[in-house]
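To keep things clear, I will list the structure first and then write my remarks on it.
Numbering of ligands and ligand atoms starts at 1, following listing order. Basis for what follows: all heavy atoms, side chains included, without hydrogens, waters or symmetry-related copies. Positions are given from 1 along the sequence. Everything quoted here is computed from the prediction, not taken from an experiment.
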Amino acid sequence: MRLASTASTEHLDVLIVGAGLSGIGAAHHLQRKRPGDSWAIVEAREAIGGTWDLFRYPGIRSDSDMHTLGYRFRPWVEQKAIADGDSILRYVRETARQAGIDERIRFDRRVVAAAWSSAEARWTVTVESGAGERETITCDFLWMCSGYYRYDQGYTPSFPGIERFGGEVIHPQHWPEDLDYAGKRVVVIGSGATAVTLVPAMATDAAKVTMLQRSPTYVVSVPGEDAVANWLRRAVGERRAYALVRWKNVALQSFFYRLSRRRPRLMRKVIRRGAVRALPPGYDVDTHFNPRYNPWDQRVCLVPDSDLFKALADGSAEIVTDTIAGFDEGGIELESGRRLEADVVVTATGLNLLFLGGAQLTIDGEEVDLGRRFTYKGMMLSGVPNLVFTIGYTNASWTLKADLVAEYTCRLLNHMQAGGYDVCAPEVSDPALGEEPLLDFTSGYVLRSLAELPKQGSKEPWKLRQNYPLDLCSLRHGPVDDQMRFGRAAEEAINSGESAQGDAALAGSSA
Ligand SMILES: Cc1cc2nc3c(=O)[nH]c(=O)nc-3n(C[C@H](O)[C@H](O)[C@H](O)COP(=O)(O)OP(=O)(O)OC[C@H]3O[C@@H](n4cnc5c(N)ncnc54)[C@H](O)[C@@H]3O)c2cc1C
């Protein structure tokens with residue numbers, strides 16, 4: 001890669017944005033596969049961990065197993081497969097510390113803009129501190145590991161009269177450390193992963209917890225501990241056991257996902273039967289656990305060891321499926337005429353999606369309209385050079401994809417180095433490429449944001465495959481040059497109409 005610039009702005013080969021699960025994983029791969037590269041992580045917050053540091057609500061845990069949510073390169077060795085937030089945070093932080101990655105993180109640095117110059121074949125990245133101070137860093141390659149949602153603000157629909165409510169209203173994304181809900185009446189609004197986690201966790205101390213949902217979600221109980229994993233670890237050692245269990249879980253996730261898509265009626269029956277068995281006789285499963293949509297049209301919620309069903313069975317929690325008519329001083333009026341008295345209301349109503357951490361991208365001074373770009377292998381954007389983003393699966397554990405993106409990125413960088421290229425950009429060459437929404441989920445948080453997200457194409461490699469085995473073949477073993485344009489700084493300069501004189505020197509300094 002190119003030598004550091006002599007200008008006062010610092011120059012890096014690779015700049016990683018975000019020190020969450022993905023950013024730490026990306027750095028780990030880069031450090032191992034490209035030991036000669038100069039790189040750093042910029043992180044908007046003051047801490048490592050992203051999601052697992054931000055969310056502090058009671059019971060916070062993974063809803064997929066840690067054998068697939070953990071990194072491929074670092075076995076998950078704890079007993080629990082569905083792990084609590086603290087254990088996940090510890091795992092991410094220890095990964096960073098053991099590899100010395102923590103020393104390369106610049107905290108309190110939010111990327112607000114990234115400007116690509118074709119003449120120089122590099123990004124100029126503007127970062128801003130919490131105090132509003134700005135600085136720039138230039139880099140050859142920009143790797144966005146900034147997650148998929150806004151950190152400053154969760155999603156809360158406007159509920160009529162909420163301002164009149166005399167109790168506390170809390171969004172799970174901003175959980176007050178000192179919230180005392182012991183002996184209080186709590187209403188959790190929502191039906192997603194956060195709501196089904198919060199309800200049993202709060203039910204142990206609250207007087208009563210009511211989960212208020214407008215429509216039901218599929219809820220499936222899984223064992224909190226993976227007996228096979230815990231046995232295998234003793235039998236064949238941590239590393240081998242991890243690899244085997246990872247594949248077992250990939251196969252199971254994949255099997256249930258495909259079966260849900262192909263035989264939705266069968267899966268509906270199976271899931272319904274699970275709920276009927278876990279709940280007391282006569283419980284109204286069809287009102288509270290039988291969604292209108294098919295399994296995996298939206299994410300299926302996993303609960304460990306039936307914790308939600310147990311809280312419902314012992315009466316410490318209740319589910320109400322109804323629509324909010326309005327709030328008053330003491331609680332919530334429902335359209336059915338029923339009223340829920342509450343001291344605390346938790347709005348587990350979702351996230352606001354945010355692509356590329358909200359950074360404004362420009363190419364040679366022109367703003368990149370993300371809504372008009374295609375995703376390439378679910379990790380790059382058509383016509384956007386030297387930029388990769390890490391976004392995990394929606395139907396399986398995030399890290400399965402994040403690890404593959406990291407492997408592919410390192411292969412791509414090696415390919416560029418071997419060919420003496422400074423620039424790579426996916427290019428759509430097929431005029432018949434159809435346009436499809438990025439995600440085919442019907443969840444509210446997806447539908448609210450589709451217009452601002454890039455599209456996927458109707459064909460490979462523009463299609464977003466939510467399929468780990470297929471991605472493994474293409475991202476780990478497939479070519480890195482399909483429908484990808486490679487170039488050198490000097491050629492880029494000519495293309496962008498600049499003088500090639502100074503850039504010949506740039507091209508000359510390419511590794
Ligand atoms: C409550 C909750 C539970 C979840 N549970 C699961 C689960 O069980 N299984 C699963 O597969 N997935 C789960 N997910 C999805 C989850 O987000 C991923 O698993 C994973 O943690 C994402 O890691 P990440 O590093 O890509 O993003 P994040 O964890 O979001 O981290 C992104 C980091 O980038 C930083 N950042 C963002 N924008 C900028 C910017 N412009 N400049 C600088 N820094 C920036 C953020 O501050 C943050 O530290 C869950 C999500 C939530 C919200």
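- Interface atoms of ligand 1 facing C145, defined by a heavy-atom separation under 4.0 Å, are 32 (C), 33 (C), 34 (O).
- The closest protein non-hydrogen atom to atom 5 (N) of ligand 1 is W52 CH2, 3.4 Å.
- Within the structure, the closest approach of Q173 to ligand 1 does not fall below 4.0 Å when heavy atoms are considered.
- Looking at atom 15 (C) of ligand 1, its nearest protein heavy atom turns out to be Y148 OH, 3.7 Å.
- Shortest contact from atom 19 (O) of ligand 1 to any protein heavy atom: W398 CB, 3.3 Å.
- Considering only non-hydrogen protein atoms, atom 7 (C) of ligand 1 sits nearest to D63 OD1, 3.1 Å.
- What sits closest to atom 1 (C) of ligand 1 on the protein, heavy atoms only, is Y57 OH, 3.7 Å.
- T204 pairs by the side-chain hydrogen bond (donor to acceptor under 3.5 Å, both in side chains) definition with nothing, not counting sequence neighbours.
- Using a 4.5 Å heavy-atom threshold, the side chains of R90 and E94 count as touching.
- Annotation: side chain of L356 is in contact with side chain of L361 (closest heavy-atom distance under 4.5 Å).
- When all heavy atoms are compared, the tightest approach of S191 to S215 is OG-O, 3.5 Å.
- Among protein heavy atoms, atom 31 (O) of ligand 1 sits closest to Y151 OH, 3.2 Å.
- Using cut-offs of 30° and 60° on the angle between ring planes, the pair W296 and Y257 is perpendicular.
- Any N or O atom pair closer than 3.5 Å counts here, and T194 shares no such pair with ligand 1.
- Ring geometry for W398 against Y148 counts as tilted: the plane angle lies between 30° and 60°, on a 0 to 90° scale.
- The protein non-hydrogen atom at the shortest distance from atom 2 (C) of ligand 1 is T51 CG2, 3.9 Å.
- In this structure, atom 27 (O) of ligand 1 lies nearest to the protein heavy atom G147 CA, 3.3 Å.
- Under the ring pair (Phe, Tyr, Trp, His ring centres under 6.0 Å) criterion, the residue pairs touching residues 377-396 are F355-F389, with sequence neighbours excluded.
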